[in-house]
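Keep in mind that the numbers below use all heavy atoms, side chains included, and drop hydrogens, waters and symmetry copies. Nothing here was measured: the structure is a model prediction, and the numbers come from that model.
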Amino acid sequence: MKNILVTGVAGLLGSHLAEYLVNLGYSVYGIDNLSGGYIENVPKGVKFYQVDLLDHIAVSNIVRDHSIDFIYHFAAYAAVGLSPFIRRFNYQNNIIASTNLINAAIRNDIEKFIFASSMDVYGEQKPPFFETMKPSPTDPYGIAKYAIEMDLENARRQFGLNYTIIRPHNVIGPRQNIWDRYRNVAGIWIRRAMVGKPLLVYGTGEQRRAFSDVKYYLKPFVKLLETEETTGEIINIGADQDVSINDLATIVQDVAHLKMGVRPAIQHVEPRDEVDLMWCNHDKAKNLLGFKDN
């Protein structure tokens with residue numbers, strides 16, 4: 001079996017995929033600095049390193065010492081709205097950290113580098129977003145993700161690094177971070193409902209997104225190991241059905257009432273600088289990876 005490294009292994013995507021890979025019999029190694037993930041999320045059977053990807057020596061040693069064959073790079077600080085106010089932190093923790101991992105992958109001649117980018121790279125284009133659209137990010141987080149995508153293409157052209165870029169979006173499920181005030185609207189609202197605070201809706205609430213359960217991602221992610229046709233490809237993955245933020249708020253209200261006997265209020269506040277309409281086409285994921293969102 002192959003040796004697989006998962007970064008962000010204590011987070012939502014990383015922990016679920018690592019657990020799935022362990023159950024399939026792979027040797028799985030995980031990296032996380034625990035800035036947004038939790039140690040209890042790291043699955044049994046994973047050799048875990050509490051390492052920051054900015055530590056390029058430690059990262060390189062892990063890839064070398066364990067003869068890593070495949071890397072799933074899920075680690076990021078994914079706070080879109082906050083990113084203009086933490087510019088240096090954003091670029092260090094997304095671009096520089098990713099560069100350290102890409103360098104280690106090149107030096108150790110791994111088989112494939114699988115990078116979780118973001119639909120944020122599309123910016124204010126008309127949805128649904130297709131992979132053929134030229135990225136036009138409108139915030140530093142999207143800029144960082146697009147820069148990493150371009151760096152991977154350069155690494156392939158100059159050094160032969162095989163990679164696949166996936167663009168998952170609005171993933172929800174068990175083990176997601178609900179304590180970060182700036183990441184993941186569903187997680188933010190769950191936390192606020194649990195402590196009796198209103199659900200904050202920025203602007204009209206008619207912004208639209210498509211939310212998807214993490215469990216539908218696991219088989220397609222593993223197929224990336226096995227499918228040569230995905231090398232060098234960019235693949236959107238997520239739910240087809242978009243919903244308004246207002247609709248999502250009502251769902252959270254209903255679930256909070258069902259589970260806790262409370263119905264949090266909805267409070268509209270001033271709009272913020274964000275793209276209103278964001279969801280993707282997933283035909284490529286369905287055709288290449290057999291993806292199906294239920």
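Partner of Leu5 under the side chain to side chain contact (heavy atoms under 4.5 Å, CB included) criterion, out of Val59, Ile68, Ile110: Ile68 alone. The side chain to side chain contact (heavy atoms under 4.5 Å, CB included) with Ile235 is formed by just one residue from the set Asn287, Thr164, Asp283; it is Thr164. If you run salt bridge (Lys or Arg N to Asp or Glu O under 4.0 Å) between Glu233 and each of Arg156, Lys112, Lys284, only Lys284 comes through.
Cation-pi geometry between Lys47 and Tyr49 is satisfied (NZ or CZ under 6.0 Å from the ring centre, within 45° of the ring normal).
Judged by distance alone, the side chains of Asp65 and Asn61 never bring a donor and an acceptor atom under 3.5 Å apart. Checked by atom type, the side-chain pair Gln207/Tyr202 shows no donor-acceptor distance below 3.5 Å. No donor-acceptor contact under 3.5 angstrom links the side chains of His56 and Asn103, judged on distance only.
Between Glu111 and Lys2 there is a salt bridge, since a side-chain N of the basic residue sits under 4.0 Å from a carboxylate O of the acidic one. Under a 4.0 Å N-O distance rule, the pair Glu19/Arg175 qualifies as a salt bridge. Asp240 has a carboxylate O that lies under 4.0 Å from a charged side-chain N of Lys286, or vice versa, which qualifies the two as a salt bridge. Salt-bridge formation is detected for the pair Arg167/Glu149: a Lys NZ or Arg NE/NH1/NH2 atom is positioned less than 4.0 Å from an Asp or Glu carboxylate oxygen. Arg209 has a carboxylate O that lies under 4.0 Å from a charged side-chain N of Glu274, or vice versa, which qualifies the two as a salt bridge.
In this structure, CD1 on Ile148 lies 9.5 Å from CD1 on Ile165, to the nearest 0.5 angstrom.
In this structure, Tyr141 and Asp120 approach most closely via the heavy-atom pair CD2-OD2, 3.6 Å. Scanning both residues, Ala75 and Leu53, for their nearest heavy atoms gives CB-CD1, 3.9 Å. The nearest pair of heavy atoms linking Cys280 to Pro128 is C-CB, 3.7 Å. Considering every non-hydrogen atom in both Arg183 and Gly36, the closest pair reads NH2-CA, 3.4 Å. Summarising the geometry of Ala105 relative to Ile71, their closest heavy-atom pair is CB-CD1, 4.1 Å, with the distance given to 0.1 Å.
The shortest side-chain heavy-atom distance between Ile114 and His73 does not fall under the 4.5 Å cut-off. Two residues are said to be in side-chain contact when any heavy atoms from C-beta on lie closer than 4.5 Å; Asp69 and Ile4 fail this criterion.
Distance alone, capped at 3.5 Å, places no donor-acceptor pair between the Trp279 side chain and the Phe211 backbone. Here the side chain of Gln158 pairs no donor or acceptor atom with the backbone of Ala155 at under 3.5 angstrom. Side-chain atoms of Tyr72 come within 3.5 Å of backbone atoms of Phe221 as a donor-acceptor pair (strictly under, hydrogens ignored). Between the Asn108 side chain and the Ala104 main chain, a donor and an acceptor come within less than 3.5 Å of each other.
Cluster annotation: Leu21 is connected to Ile237 through the hydrophobic network of ILVMFWY side chains, with a link wherever side-chain heavy atoms come within less than 4.5 Å. Both Val252 and Val243 sit in one connected hydrophobic cluster of ILVMFWY residues. Membership requires side-chain heavy atoms under 4.5 Å apart, directly or through other members.
Qualifying side-chain contact (heavy atoms from CB on, under 4.5 Å) partners for Asn33, counting only residues two or more places apart in sequence or in other chains: Ser35, Asp52. Under the ring-ring contact (aromatic ring centres under 6.0 Å, His included) criterion, Tyr146 pairs with no residue, sequence neighbours left out.
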Could you walk me through whether Tyr122 and His169 satisfy the side chain to side chain donor-acceptor pair (under 3.5 Å) test, starting with their C-alpha distance in whole Å, then the side-chain angles of each, then the deciding distance to 0.1 Å, before giving a yes or no? CA-CA 12 Å; Tyr122 292 112; His169 55 93; over 6 Å; no

The test is side chain to side chain contact (heavy atoms under 4.5 Å, CB included); show your working for Met194 and Arg191 and say whether it passes. CA-CA 5 Å; Met194 290 172 64; Arg191 173 183 59 82; 5.6 Å; no

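Pairs passing the side chain to side chain donor-acceptor pair (under 3.5 Å) check and including a residue from residues 246-263, sequence neighbours excluded, read Glu206-Asn246, Ser244-Asp247, Asp254-Arg263.
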